[in-house]
K.L.:
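Sharing a structure, written as C-alpha cells. Questions coming.
Only this structure's heavy atoms are used, side chains among them; waters, hydrogens and symmetry mates stay out. The sequence lines fix the lettering, A, B, ..., with proteins before strands; numbering per chain opens at 1.
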Protein chains: 2
Amino acid sequence: MSLREKKAEKKKKEIIQSALSIIAEKGYHATTMEDVAAKLLMTKGSVYYYFKDKQDLLFKSQKMLLEQSIQNIEEIMSKELPIIEKLQKVMVVHIEFLITERTGFAMGARPDQFFAGDQLQEIISLRQKYSHCIDKLIAQGIESGYFNKVDTKIVRNIILGAMNYVIEWYSSDGSKDKNELAKSISDYLLRILIN
Amino acid sequence: MSLREKKAEKKKKEIIQSALSIIAEKGYHATTMEDVAAKLLMTKGSVYYYFKDKQDLLFKSQKMLLEQSIQNIEEIMSKELPIIEKLQKVMVVHIEFLITERTGFAMGARPDQFFAGDQLQEIISLRQKYSHCIDKLIAQGIESGYFNKVDTKIVRNIILGAMNYVIEWYSSDGSKDKNELAKSISDYLLRILIN
DNA sequence: TCATTTTTTAAATGTCAAGTTAAATTTGAA
DNA sequence: TTCAAATTTAACTTGACATTTAAAAAATGA
C-alpha cells in the first residue's frame, strides 16, 4: 500500500470517527455531512470524495463498530479461561467498550430503521455473530454444570439489554469508575446463571 | 364538556396513536406530519389544527406513553401484595405494555436527542418518577430481608435495560406468548435479588 | 522545476418536508 | 333551515440538507 493510499485510509477512519461521535451526540438522522466535515475542519465536499454518500458513510461507521465488538469478543473466546471468568470478561469488555466509544446504539437500536437491503442484511448478520458468541458461552456453562439450566435466548437478551442500557444512564461523575461499574453489573448478571 | 370538545379530544388521541405507531416503525426523525395524517386518511393541515407543530405532537405522544406507564406501575404499587410478587407484577406489566404498544423507545432512547428545555425536563422527571418506583420496591425488599443487599441504582438499571430491550428482539412468532415471555424474563431478573 | 494526479473548496442545484394560509366544506345549534 | 363556527383541503413558501460540479490548491514524482 502506497503512502497515498495509507493517508487516504487514515482520513477515512478519521471521518468515520467523526461520524460516530456526531451520531452518538445527535442521533442518526440529525447528523449532517456538514457536521461530520466541520468537526475535522473540512468541507462536506471532501467527505464526498471519500464516501459515496451519507448512507455509505453511516453504514461503514456502524459496520466498523460492530466489527470491533466482534474482534473484542473473539479475542476473549479464544483464551483458555474457566467459563465463568470468560463470560464475565466478555461482559466487562462489552460494557467498557460501550462507555468509551459512547456510540449510543452500536448494538442497541433497530437497524431496520436505518438500513435496508444488503446493508441491513450485513448488519443483522454481524449482530447475530455477536449474539451467537454469547449463546455459546451460556451453553458451554450449562453443559459443564457451572450454570443453571436456562433458556439461552432469553438470558442472552437480558444480558445484552442490561449491558447496552448502560450508555443511557452512565455518567462519569458517578462514584464508580468504568471498570468497577462493569464488574459489578456483570456480577449481578451472573447471578441469573449461578446460584 | 360539549359534544364538540369531546370529539376534538377523541381526534387528538387518534392522532397521537397514529404518531406513536409511525414513530415505532420509522423512528422519530423520519416521521413526517404527512405520514401521521395519511394513516388517519387526513391531510397534514388537519393535524396542524389540533397540534401546534410537529414537536408539540411528538412531545405529547411521548408524554402520554410515559404517563400511561406510570399509571400502570402506581396501580400495582398501591396493592397489598408480598414484595416479591409486587416487583414481579411490575415487570410483567411493563414488558407486556412495551410489547403491545410497540413504541420502540418509550423509556429507552435518550430523550435529549429529541427534546430540549422544558419539554426535556418534563420527560426526564416522568422517567425519574418511574425509576423511583422501582427503586422503592427494591429498597423495600432489601429492608424486609426478602432481597439480597444490592446496589439499588445498578440493579434497577439492569432491570430496566433488560426489559426495554425486549422490544428489539421479541417477535410474535416465537414459541412463547407475550405473557409467558414476560413471566420468564421477570423470573430470571428476580434471581439477581433472591438466592 | 514542472507536469500530472490527487485532494479540497466553494458555490449551485435539486429535493423534500415543515410550516402557513386561505378558500371550501361540513357541522351543529338556534 | 340557516348561519356562524369548526374542520378540512390544497396550494404555496421557506429552509435545510444531500449531492454535484468546476475550479483551486496541494502533493507527487520524473
K.L.:
Check the distance between D/dT8's C1' and B/I15's CD1 and give it to me in whole angstrom.
P.N.:
12 Å

K.L.:
Which heavy-atom pair separates B/F147 from B/I138 by the least distance, and what is that distance?
P.N.:
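Residues B/F147 and B/I138, closest heavy atoms: CD1-O, 3.6 Å.
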
K.L.:
Between C1' on C/dT6 and CD on A/E9, what's the gap in Å once rounded to a whole number?
P.N.:
15 Å

K.L.:
Less than 6.0 angstrom separating the ring centers of B/H29 and A/Y28, yes or no?
P.N.:
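For B/H29 and A/Y28, the ring centres are not under 6.0 Å apart.
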
K.L.:
Could you check A/N148 against B/R191 for side-chain contact (heavy atoms from CB on, under 4.5 Å), going step by step and ending with a plain yes or no?
P.N.:
CA-CA 11 Å; A/N148 304 324; B/R191 290 197 196 172; 3.2 Å; yes

K.L.:
Side chains of residues 37-47 of chain A: which donor-acceptor pairs under 3.5 Å do they make with residues two or more places apart or in other chains?
P.N.:
{"residue": "A/K39", "atom": "NZ", "partner": "A/S21", "partner atom": "OG", "Å": "3.3"}

K.L.:
Indicate for each nucleotide in nucleotides 7-24 of chain C, in 5' to 3' sequence, whether protein heavy atoms under 4.0 Å reach the base (B), only the sugar-phosphate (S), or nothing (-).
P.N.:
BBBS------SBBB----

K.L.:
Do we see a donor-acceptor contact under 3.5 Å between the side chains of B/E168 and A/N164?
P.N.:
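There is no such pair (donor and acceptor under 3.5 Å, judged by atom type) between the side chains of B/E168 and A/N164.
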
